Amino acid sequence: MKYGFELAAMLVASVLALLGAAFAKDPQFQAHAWILFFVLAAGSVVLLRNTKFAAAGHPGAVEDTSGYMDEVVKYGVIATTFWGVVGFLVGVVIALQMAWPEFNIEPYLNFGRIRPLHTSAVIFAFGGNALLATSFYVVQRTTRARLWGGNLPWFVFWGYQLFIVLAATGYVLGITQGREYAEPEWYVDIWITVVWVAYLAVFVGTLVKRKEPHIYVANWFYLAFIITIAMLHLVNNLAVPVSFLGSKSYSAFAGVQDALTQWWYGHNAVGFFLTAGFLGMMYYFVPKQANRPVYSYRLSIVHFWSLIFLYIWAGPHHLHYTALPDWAQTLGMVFSVMLWMPSWGGMINGLMTLSGAWDKLRTDPILRMMVLALAFYGMSTFEGPMMSIKSVNSLSHYTDWTIGHVHSGALGWVGMISFGAVYYLVPKLWHREQLYSLRLVNWHLWLATIGIVIYAAVLWVAGITQGLMWREYDSQGFLVNSFIETVNAIHPEYVMRAIGGALYLAGGLVMAYNVYRTIRGDVRKEVPMGASATAAVPAE
């Protein structure tokens with residue numbers, strides 16, 4: 001019986017979810033239990049429809065496990081595209097709420113509830129699925145081995161989607177720990193821990209059974225991301241639940257220790273989830289798209305070990321001018337400034353990989369997108385260390401300058417390298433000769449780039465305006481500006497931010513359409529990139 005164990009586990013879990021809904025201690029936990037029940041029940045029906053029974057005395061058909069396990073990668077690419085559009089859409093909504101408060105819809109769709117929905121959708125749903133899909137693809141190709149664990153990669157994929165659904169619905173319902181990038185409550189944290197351990201097992205198991213003696217550098221970055229995120233998650237989310245059938249819990253830490261633990265997690269979630277993992281993506285897909293070897297493999301190893309060692313110490317720079325001891329603040333600042341060197345080493349290594357292939361940028365918008373990602377990576381990893389310096393931080397902290405910085409990295413680096421990877425993967429996974437349209441990739445490139453530039457630039461202006469207005473005193477030592485006056489002063493920038501975000505969303509929709517038509521097998525007749533408009537040669 002195919003999927004027999006999985007089906008039994010789903011049915012048992014469905015019954016437990018139903019019992020949880022019946023005996024829940026608060027309405028929020030009950031709502032989550034019902035959501036879980038319906039998801040598991042639907043999953044059980046799907047599994048039952050795909051379950052095959054062999055005749056008595058006859059062994060069932062043996063699944064072919066000789067090739068790569070690419071079906072789960074396909075699902076990951078589709079999930080990446082879907083969650084990307086969702087995350088960008090929610091981002092535009094909260095940008096509109098900041099510009100026009102009338103867009104806040106109480107109680108479920110106000111800024112306080114859908115802001116973490118946006119951050120988690122973009123980081124964990126879009127970015128996380130991009131990392132799952134690409135890591136499963138890359139580790140198989142660079143080890144010449146099928147994913148380890150039988151159906152375990154499918155558990156990782158669907159278990160991760162369940163985590164996303166529980167987290168997202170929890171934010172809308174008001175279920176939150178109030179911890180940046182770690183909002184889900186204790187029971188969702190336990191579930192993602194189980195899924196993440198399975199992810200680690202699949203990845204390490206594939207490396208162990210590799211046919212290649214060498215472990216390619218991209219796998220080192222992926223492995224560091226998986227292990228470090230697990231460690232950060234376990235420590236930062238230590239909590240005591242009020243009830244095992246209730247949604248509320250209390251952190252194991254308090255006061256400044258709690259703040260330090262949170263920003264040790266928060267900064268390194270950026271460092272390892274949004275940097276190390278996507279550097280693994282860069283070290284595989286940039287050389288493949290450029291059809292060139294990595295510029296310096298030795299530099300990539302230096303980049304890896306220096307980045308991994310330095311990043312973990314930089315978190316305290318989020319707590320300048322707080323109750324955190326001054327030596328700890330200074331330690332975070334010093335390590336943040338030192339991070340500039342390995343970060344730019346990685347950027348230079350990626351850009352120099354195009355040595356001898358720069359002419360391809362005229363005709364390959366996917367490669368152009370990857371180069372732009374590296375440029376934004378370099379800019380963000382210069383700006384971040386600069387903003388960690390105490391004198392700069394005194395102006396920038398708690399302002400929209402920080403928001404602009406984060407989005408230049410998230411939209412420019414993470415978004416662009418993920419888009420490039422999706423465009424590379426889709427034709428190969430679905431065995432198409434080319435994408436539906438390279439011209440649409442070019443449209444996506446420019447919509448996203450213009451959107452990022454508008455977004456980041458106006459928030460730099462808004463943030464510096466806020467910082468200067470907040471520190472303006474009169475001759476008697478009183479603050480000159482009230483808080484609402486600073487909000488009114490940056491209203492034009494908030495409107496421009498919404499426009500920039502809308503352009504980025506439009507690019508995401510163009511990508512989704514391009515991916516859909518490519519999967520269908522369509523090819524658009526268009527002038528090839530780099531050719532003159534008069535030479536209208538149909539793309540074959």
Side-chain angles (χ1 to χ4, degrees), residues 1-7 9-10 39-40 42-52 60-84 125-165 195-196 198-207 209-211 218-219 222 226 280-281 284-285 288 418 421-436 511-512 514-522:
M1 178 179 175
K2 189 178 181 182
Y3 303 128
F5 172 77
E6 291 87 346
L7 179 59
M10 292 272 280
V39 168
L40 291 172
S44 300
V45 171
V46 172
L47 269 183
L48 194 57
R49 289 174 62 89
N50 287 277
T51 298
K52 297 177 181 177
V62 178
E63 184 182 356
D64 180 18
T65 58
S66 58
Y68 294 136
M69 191 176 182
D70 281 344
E71 201 66 25
V72 69
V73 182
K74 289 182 180 180
Y75 274 71
V77 169
I78 293 171
T80 301
T81 307
F82 171 76
W83 288 118
F126 168 66
N129 275 294
L131 289 168
L132 281 176
T134 57
S135 64
F136 283 162
Y137 182 88
V138 169
V139 75
Q140 292 185 93
R141 267 66 185 180
T142 54
T143 61
R144 293 192 296 122
R146 185 180 174 87
L147 288 176
W148 178 86
N151 287 326
L152 196 58
W154 283 111
F155 169 78
V156 173
F157 174 77
W158 288 114
Y160 195 74
Q161 307 315 305
L162 178 58
F163 156 72
I164 293 167
V165 170
V195 173
W196 208 256
Y199 181 26
L200 176 62
V202 171
F203 197 86
V204 173
T206 308
L207 290 176
K209 71 171 191 175
R210 69 187 184 276
K211 297 175 184 176
N219 292 321
Y222 280 126
I226 297 169
M281 200 181 295
Y284 182 84
F285 290 103
K288 292 294 284 187
S418 299
V422 167
Y423 285 131
Y424 175 89
L425 285 172
V426 169
K428 294 193 176 297
L429 290 170
W430 276 272
H431 306 292
R432 309 293 182 236
E433 288 191 12
Q434 64 185 71
L435 282 166
Y436 166 68
M511 179 184 73
N514 206 356
V515 166
Y516 167 69
R517 294 297 296 269
T518 303
I519 292 173
R520 278 190 16 164
D522 301 333

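These numbers come from a predicted model, not from an experiment.
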Salt bridge (Lys or Arg N to Asp or Glu O under 4.0 Å) partners of residues 125-140, not counting sequence neighbours, each pair once: none

Name of the residue among Thr142, Thr143, Thr206 meeting side chain to side chain donor-acceptor pair (under 3.5 Å) with Asn219: Thr142

4.5 Å side-chain heavy-atom contact, Thr81 and Met511: yes

Side-chain donor-acceptor contact under 3.5 Å, Tyr222 with Thr134: yes

Main-chain N/O of Leu435 paired to Thr518 side chain as donor or acceptor, under 3.5 Å: no

Least distance between heavy atoms, Gly205 atom then Trp148 atom: C-CB, 3.5 Å

Over 12 foreign heavy atoms within 6.0 Å of NZ, Lys209: yes

Distance (rounded to the nearest 0.5 Å) between Lys288 NZ and Leu425 CG: 11.0 Å

Asp70 and Gln140, any side-chain heavy atoms less than 4.5 Å apart: yes

Rounded distance [0.5 Å steps], CG in Leu162 versus CG in Leu40: 6.5 Å

Residue Tyr68 excluded, over 12 heavy atoms near OH under 6.0 Å: yes

Taking every non-hydrogen atom, the tightest pair across Gly280 and Ala218: O-CB, 3.2 Å

pair Arg141-Tyr284: side-chain heavy atoms closer than 4.5 Å: yes

Residue pair Phe285 / Val138, side-chain heavy-atom distance below 4.5 Å: yes

Shortest non-hydrogen separation from Gly67 to Arg146 and the atoms involved: O-NH1, 2.8 Å

Heavy-atom closest pair, residues Gln161 and Ala79: OE1-CB, 4.0 Å

side-chain contact (heavy atoms from CB on, under 4.5 Å) partner of Phe203, the single match among Leu147, Leu132, Val139: Val139

Beyond-backbone contact of Tyr137 with Lys428, side-chain heavy atoms, under 4.5 angstrom: yes

Heavy atoms of other groups near Arg144 CZ, more than 12 under 6.0 Å: yes

Between CZ on residue Phe155 and CD on residue Glu6, distance to nearest 0.5 Å: 10.5 Å

Lys74, NZ atom: more than 12 neighbouring heavy atoms under 6.0 Å: yes

Verdict with supporting geometry, Phe136 and Tyr199, ring-ring contact (aromatic ring centres under 6.0 Å, His included): CA-CA 10 Å; Phe136 283 162; Tyr199 181 26; 5.7 Å; yes

Arg520 vs Tyr436 side-chain heavy atoms within contact, under 4.5 Å: no

Asn129 side chain reached by Phe82 side chain, heavy atoms, under 4.5 Å: no

Aromatic contact, Phe157 with Tyr160 (centres under 6.0 Å): no

Least distance between heavy atoms, Ala130 atom then Thr80 atom: N-OG1, 3.1 Å

Minimal non-hydrogen separation, Arg210 against Ala145, with atom names: CA-CB, 4.1 Å

Phe5 and Asn151, any side-chain heavy atoms less than 4.5 Å apart: no

Flag if over 12 foreign heavy atoms under 6.0 Å of CH2, Trp158: no

